[in-house]
> 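This is the structure I have questions about; it appears just below.
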Number of protein chains: 2
Amino acid sequence: MDTLETRQLAYFVAVAEELHFGRAAQRLGMAQPPLSRAIKQLERRLGVTLLDRTSRIVTLTPAGEVLLREARAALDAVVAAARRTQRAGHSDPRLVLAMKPSADGGLLPAVLNAYAARPGAPEVEVVCSFRERGAMLRDGRADVALMHAPYEDFSGLAVEELLVEDQVAVVPQWHRLAGLGAVSMADLAGETLPRWPRRAESGSGPVPEDGGQLMQLIALDRMIAVLPESVRGHLREELTCVPVVDATPTTLVVAWPEHSRSREVASFVQTATTVAADHRATTRATPATR
Amino acid sequence: MDTLETRQLAYFVAVAEELHFGRAAQRLGMAQPPLSRAIKQLERRLGVTLLDRTSRIVTLTPAGEVLLREARAALDAVVAAARRTQRAGHSDPRLVLAMKPSADGGLLPAVLNAYAARPGAPEVEVVCSFRERGAMLRDGRADVALMHAPYEDFSGLAVEELLVEDQVAVVPQWHRLAGLGAVSMADLAGETLPRWPRRAESGSGPVPEDGGQLMQLIALDRMIAVLPESVRGHLREELTCVPVVDATPTTLVVAWPEHSRSREVASFVQTATTVAADHRATTRATPATR
DNA sequence: GGTGTCCATACCTCCAGGGTATTGACCGCG
DNA sequence: CGCGGTCAATACCCTGGAGGTATGGACACC
């Protein structure tokens, strides 16, 4: 038996996500009957039932859930292959760095300068994405990313630690906590904290789409947030922040797709780690400048 | 533009590996012209030249090298998806453990017993592979593997350390080093050591295909080997071993495919780590039993 | 220049993937 | 209980593209 085709995987993912052949077909831009056939053929090929369909409702079997997970990963790998190849071929070598806005730990400028100083270093294109950086690495839209452990999913990625940051609570200046020198997590009880959806779970409460929106919500006193202390440099006037003594520290890491150890990526990672090491040394020497 | 098909990737990999359209077509079980067309179509689709062909010799462009790497990974992911799905569906849940023969650090029996004692634990099928365990995890032939850091490629895999082992030199009993209480790497100068081909490099010297063959070669005085000390328990009569004081210690790890965090795998990993911790504790209490 | 090698082109065939129309199972509702 | 509504499955047709054969054309070696 030869390997599955990506088309089949994409079809299955669509159906598994919609749990509805009609809608899935619509989403795929095709009619429903061929889709039904394709899925059935896939099941025959694997010798496994993937979906239980009672002409009223469609559900995933355990095997179907496995395939959904695996198929997503495989499709990511395929589109990543295409994208990386295109970028490797289309002259103009650029390194795409993905990051969350204002989440560079304050050392991005230094890193970019140091990297640009390297002989033969390509131009670095910085793209900002609030909650997609892992996926961007996996599917080839980005080459390296700044991410925060332990809050993100690093499967398929290689990482190198840059620096450990304590966390601070970001609050409006007139907030009850604003004057305090430090607070603990217990002091935050009762406050609305943002919900970071790990995997598209629709929980209750607001889900900020980007950093600006988050800051806006905080300024409006709708919520407060616990963030790495390097946000201090990026706060708008009416906000301030208070150290949270017992929040687990967050680690800024540089991440890249595991196998693609290109010269440019390796060089960037190395630059970033050395700059971070310097940074740690100097801030330790002159602590708490603010 | 929609995604590449696995067929195209497989075709490209074949050509890129053979660097010869005729042989690649033969290997794929098809005629040469359609293959040429398919590759050309792939290049058009990506907008990138993958191969330089001068009607005499075929070479990979840089972009082609990128695609070769990426395509292999993507194909692995696809076949892994199929295999894991089949295993998830075909009743009879078994956990497949891949290991190198006699490379269990002496704690496999305890791990298997402890795991079997867990309620609802599936049967464990142990498969031995001398130099394919990483690939077996990546393409879904195995669920977990015992591997040795830092000698293997762990990209795409998650690992958990089990135990650190010092290394010993395995030599015939009549060998000049056999009587010594310990040796250093310098003492091994001039000896023939096995070449472990990382990625199908054909270096000089013998390349043992499996452990038995290796031991045979040692017994025939054709070579000696530096291995983790837990091989002591598996040596044939005419061989002995000598600690190598300055060899970098090797770490026995349990590895599994990064995203497939199934209950069974997680449970096995947990069992293995606790058993290993116990093992470390007891061997520290009663050191050097042999 | 002849010959062998090897990739590209031209042209044909055929099946698999896709479309339309319809059936059949299941539910809700009057 | 019958009626319409919703979906997936089935039946049937049709077209594009994957694959095959024959041949051309570039290049090296003798």
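Residue numbering restarts at 1 for every chain, and letters A, B, ... go by the order of the sequence lines. Everything numeric here is computed off the predicted structure, so don't read it as measured data.
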> D:dA18 P sits how many Å from B:Leu28 CG, rounded?
15 Å

> Side-chain donor or acceptor of B:Arg37 under 3.5 Å from a matching atom on the base of D:dG19?
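Yes, the side chain and the base share a sub-3.5 Å donor-acceptor pair.
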
> Which nucleotide wins on minimum distance to the side chain of A:Ala31, given the candidates D:dG19, C:dA8, C:dG19?
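Of all the options, the side chain of A:Ala31 is nearest to C:dG19.
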
> Looking only at the side chain of B:Gln32 (C-beta and beyond, no hydrogens), which of the listed nucleotides C:dG19, C:dC7, C:dA10 gets closest?
C:dC7

> With respect to the side chain of B:Arg53, which nucleotide from D:dA11, D:dG19, C:dC7 is positioned closest?
C:dC7

> Starting at atom CD of B:Gln26, determine the distance to atom P of C:dC6, rounded to an integer number of angstrom.
11 Å

> Between D:dA8, C:dA8, D:dA9, which nucleotide has the shortest distance from any of its atoms to the side chain of B:Phe21?
C:dA8

> State, with a plain yes or no, whether a side-chain heavy atom of A:Trp256 is found less than 4.5 Å away from one of A:Val159.
no

> Provide the closest heavy-atom pair for B:Leu137 versus B:Ala145 in the form atom of the first, atom of the second, distance.
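B:Leu137 and B:Ala145 have their closest heavy atoms at CD1-CB, 3.8 Å.
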
> Expressed in angstrom and rounded to an integer, what is the separation of A:Asp52 atom CG from D:dC7 atom P?
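It is 18 Å, rounded to the nearest whole Å.
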
> Rounded to whole Å, how long is the line connecting atom CD1 of B:Ile39 with atom C1' of D:dG17?
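To the nearest whole Å, that distance equals 16 Å.
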
> Any side-chain N or O of A:Lys40 below 4.0 angstrom from OP1/OP2 of D:dT10?
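Indeed, a polar side-chain atom of A:Lys40 lies that close.
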
> May I have the distance from B:Met30 (atom CE) to D:dA18 (atom P), rounded to whole angstrom?
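About 10 Å, once rounded to whole Å.
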
> Specify the separation, in whole Å, of atom CG of A:Leu42 and atom C1' of C:dA16.
15 Å

> Indicate whether the side chain of B:Gln32 and that of B:Arg37 have a donor and an acceptor atom separated by less than 3.5 Å.
no

> Report yes or no: do B:Glu5 and A:Thr6 form a side-chain donor-acceptor pair below 3.5 Å?
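Side-chain D/A pair, B:Glu5 to A:Thr6: present.
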
> 5'-most contact on DNA chain C: B:Leu19 or A:Gly29, nearest heavy atom basis?
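That would be B:Leu19.
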
> If you check every side-chain atom of A:Gln41, which of D:dA9, C:dA8, C:dG17 has the closest atom?
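Among D:dA9, C:dA8, C:dG17, the one nearest the side chain of A:Gln41 is C:dG17.
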
> Does some side-chain heavy atom of A:Leu46 sit less than 4.5 Å from a side-chain heavy atom of A:Leu67?
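Counting from C-beta outward, A:Leu67 and A:Leu46 do come under 4.5 Å.
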
> Answer yes or no: side-chain N or O of A:Arg7 and base N or O of C:dG17 forming a donor-acceptor pair under 3.5 Å.
no

> Please give, in whole Å, the distance from C:dC15 C1' to A:Glu5 CD?
15 Å

> Within the pair B:Ser36 and C:dC7, is there a side-chain N or O less than 4.0 Å away from OP1 or OP2?
no

> In whole Å, I'd like the distance from the CG atom of A:Leu4 to the P atom of C:dG17.
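Taking CG of A:Leu4 and P of C:dG17, I get 12 Å after rounding.
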
